[in-house]
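Just so it is clear, the structure is predicted and the values come from calculations on it, not from any experiment. Just so it is clear: chains get the letters A, B, ... in the order the sequence lines come, proteins before strands, and each one is counted from 1.
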2 protein chains.
Amino acid sequence: MELEKVRPKSGRAVKMTDIARIAGVSSSTVSRALADHPTIPEATRNTIQALAREHGYVVNRAARNLRQSQTQTIAVAVPLGHEREQLISDPFFLRLFGHLADEISQRRYDILLVREPSPDAHWLGRLVQSQRADGFIIVGQSDQHQALNLAARDYRPLVVFGSELPDQIYCSVGSDNFEGGRLATDHLLRSGRRRILFLGPAELPQIDLRLDGYRQAIGDHGLSVDESFVLPAHFTGPSAHDAVRDLLARGVEFDGIFAASDGIALSAIRALESAGMRCPDDISVVGFDDSDLASQSHPALTTIRQDVPGIAATIVDHLFRRLEGEGTYSSTLPVSLILRESAPG
Amino acid sequence: MELEKVRPKSGRAVKMTDIARIAGVSSSTVSRALADHPTIPEATRNTIQALAREHGYVVNRAARNLRQSQTQTIAVAVPLGHEREQLISDPFFLRLFGHLADEISQRRYDILLVREPSPDAHWLGRLVQSQRADGFIIVGQSDQHQALNLAARDYRPLVVFGSELPDQIYCSVGSDNFEGGRLATDHLLRSGRRRILFLGPAELPQIDLRLDGYRQAIGDHGLSVDESFVLPAHFTGPSAHDAVRDLLARGVEFDGIFAASDGIALSAIRALESAGMRCPDDISVVGFDDSDLASQSHPALTTIRQDVPGIAATIVDHLFRRLEGEGTYSSTLPVSLILRESAPG
DNA sequence: GCGGTTTACGCAATCGATTGCGCAGTTGTC
DNA sequence: GACAACTGCGCAATCGATTGCGTAAACCGC
């Protein structure tokens, strides 16, 4: 019944001049009235707003964006430089994304998800120039550290989820990955484990820091790192499972695993179980993230909790401060060790 | 080093007329050259494209959108009519969203995530009119069935994730919820269970169909439904846990649970365990979705698998067919029973 | 009742790319 | 050599809202 109003007989969308004509004013006045501009008397404003509502008029965002050079939109971009094939299905990313989306939409901005298909050195520059969004959140440094530095020089509202790196000029927000790695490994060592694997994609800066923490903890306990215990593994797919299986097949002995994500940890535990080993009786395992899986899996995972809601809030807070022209420093958020069955205290 | 080119000394963004001036042609020619328009000879096209690349020029999307009245963007909207407070953090939604995003970005469209804060009857009309996207995917019918019908009359590229409802005129894609409910309940009955709870938010159309399947299966087995066994429960929060706990406290006897999601199922199992009951020994539980949790939890969940990648692909396929002007019918995708520990065969 | 201020609103330029139409200049045809 | 067809490209209108500036009318004080 209301349909005629939403889209009048002509089939043409209602535009501002239509409302202006009906109201007997100019489109300038309509524009100002809808924007609650104080130079338009309240009575007129109300009339026009009522008329607009009645006729189902909504400002054309494309036109507004062009004129104002702003879009009320934040872009969330995922550089998949290192794993071009990977889909946007990593549970940790999705969880972070959900919280980011909540924070952003609370501030009445829209969220544009961009998956850049060809991450050459200029993808970010191109993205920024395309004027599709007012601000940018880059999830994960991947191998794009230099591209990020490049884009950030040319100041822009841009915040990166990731670690603080030495020569970094962009603003990043992330967990204390080093401390997470140290805590996890220290816990394994304190519970008597001595031969501890590291499992994860250490080519990613955030993961590399977790590995540094692992090394630190081992050093602190007066031991030295066996480099053959540092194994590459991807977040998804069978690589973690296969790595552990192969190690066991070769008869290598170890009694603990620090995995760079909960998914990797679970995958490793499955490999242990297939080989007749038991977790935590024979081998303790510590994960990372404290995803939903960690608490529900069997055995429940001891893991390093990342404060995802806090990270999202901080990223968005920094970004909006930057949109206001303020400068912001990078932030590192604390992590905590969550004790469960896979590596008991 | 390339920075100067990305954003020249003036601080002003490079625009098409700049490239035109440098190339010694008009902006019309630049526009056509960049669009690979055949009336521009290939030599000229290459020169101009090279120049544009060299100067880091990218078309201003706001201007293009306005002129062309299209945005190369698909909006994914989540009506949260029924649970206004709920955040976008439901794992099932996020998983579906990830797959949708993959499908859409493969087609070189951007993804706009919209969370409508005030779902009155016209939110969809407003969204459509705002010209922010060329097509729309609505995730979940929630309580917006009529609003969807309203918007769909006025033909538009719009596909809804949800069930086919009787008086529906919009295009929907979803799982066979009825069959899922029937399968789950039938399985419990076949394994000897007789007093089976239903747990879920039956006010949602998709869930209501699962409930219908539950009723059907019970009827098929010559039994009748005890309405006090149909209990409301939300996807998140403690409602499922509390409902089961209260039932046990009141001494109500039952031997099976069909939960409308894996999350609800796990929550129920926790409640059983706290009360000293054991799953599946005392009470069998079947979930819905086959989320990551289902296979990893303890006990591993018997559940109804929804084909999330297939659903996403179908939604996007329908949507793009509609963008081309084709009509599409609603689709219902098959589900399957996945046997695990919580309700063994 | 007059200068000065304020109020209320319209004119027209503007954002930057796209595109229908048309015009030179070139090639082709008989 | 004259006319037609074609090629390559530019002019200027257009998309729809926003906004700086200007002005007519209303108001105000004395």
>> Contact between B:Asn46 and B:Glu42 at the side-chain level, heavy atoms closer than 4.5 Å - yes or no?
In response: yes
> Base, sugar-phosphate, or nothing for A:Val25, non-hydrogen atoms under 4.0 angstrom?
Replying inline: sugar-phosphate
> What are the residues of residues 36-52 of chain A, sorted by number, that bring a heavy atom to within less than 4.0 Å of DNA chain C?
Replying inline: A:Pro41, A:Thr44
> Checking side chain to side chain donor-acceptor pair (under 3.5 Å) against B:Thr328, which of B:Arg322, B:His318, B:Arg321 comes through?
Replying inline: B:Arg322
>> Rounding to 10°, can you tell me the angle the first-five-pair axis of the helix from C:dG1-D:dC30 to C:dC30-D:dG1 makes with its last-five-pair axis?
In response: 40°
>> For the backbone of B:Ile40 and the side chain of B:Arg45, can you confirm whether one donor and one acceptor N or O come within less than 3.5 Å of each other?
In response: yes
> Between B:Arg21 and B:Asp18, does a salt bridge (charged side-chain N to carboxylate O under 4.0 Å, His left out) hold up when you go through it step by step?
Replying inline: CA-CA 5 Å; B:Arg21 195 168 12 77; B:Asp18 296 330; 2.8 Å; yes
>> Is any side-chain heavy atom of B:Asn65 closer than 4.5 Å to one of A:Asn65?
In response: no
> Quick one: does B:Thr314's side chain have a donor or acceptor within less than 3.5 Å of a partner on B:Gly310's backbone?
Replying inline: yes
Atom pairs under 3.5 Å: protein N/O with N/O of nucleotides 21-24 of chain D:
none

>> By nearest heavy atom, map A:Thr29 and A:Lys15 onto DNA chain D; which one lands nearer the 5' end?
In response: A:Lys15
>> Counting distance alone, no hydrogens or angles: does the base of D:dC11 have a donor or acceptor under 3.5 Å from a partner atom on the side chain of B:Ser26?
In response: no
> Excluding sequence neighbours, so at least two apart, what forms ring-ring contact (aromatic ring centres under 6.0 Å, His included) with A:Phe92?
Replying inline: none
>> Check this for me, if you would: do B:Asp110 and B:Arg61 make a salt bridge, where the nitrogen-to-carboxylate-oxygen distance has to be below 4.0 angstrom?
In response: yes
>> Going 5' to 3' along DNA chain C, which are the first and last nucleotides with any atom under 4.0 Å from a heavy atom of chain A?
In response: C:dA8 to C:dG16
> Is there a donor-acceptor pair under 3.5 Å between the side chain of A:Gln168 and the backbone N or O of A:Leu165?
Replying inline: yes
> Counting only non-hydrogen atoms, which of residues 61-69 of chain B are less than 4.0 Å from DNA chain C?
Replying inline: B:Ala63, B:Arg64, B:Arg67, B:Gln68
> Quick one: are B:Leu112 and B:Val76 in side-chain contact, heavy atoms under 4.5 Å?
Replying inline: no
> Do A:Val78 and A:Phe161 come within less than 4.5 Å of each other through their side chains, counting heavy atoms only?
Replying inline: no
>> Nearest 0.5 angstrom please: B:Tyr57 OH to B:Ile22 CD1, how far?
In response: 11.5 Å
> Within 45° of the six-membered ring axis of A:Phe136 and under 6.0 Å from that ring's centre, is NZ or CZ of A:Arg156 located there?
Replying inline: no
> Is the shortest heavy-atom distance from the side chain of B:Asp317 to the side chain of B:Arg107 under 4.5 Å?
Replying inline: yes
> OH/A:Tyr170 to CG/A:Leu124 distance, rounded to the nearest 0.5 angstrom?
Replying inline: 10.5 Å
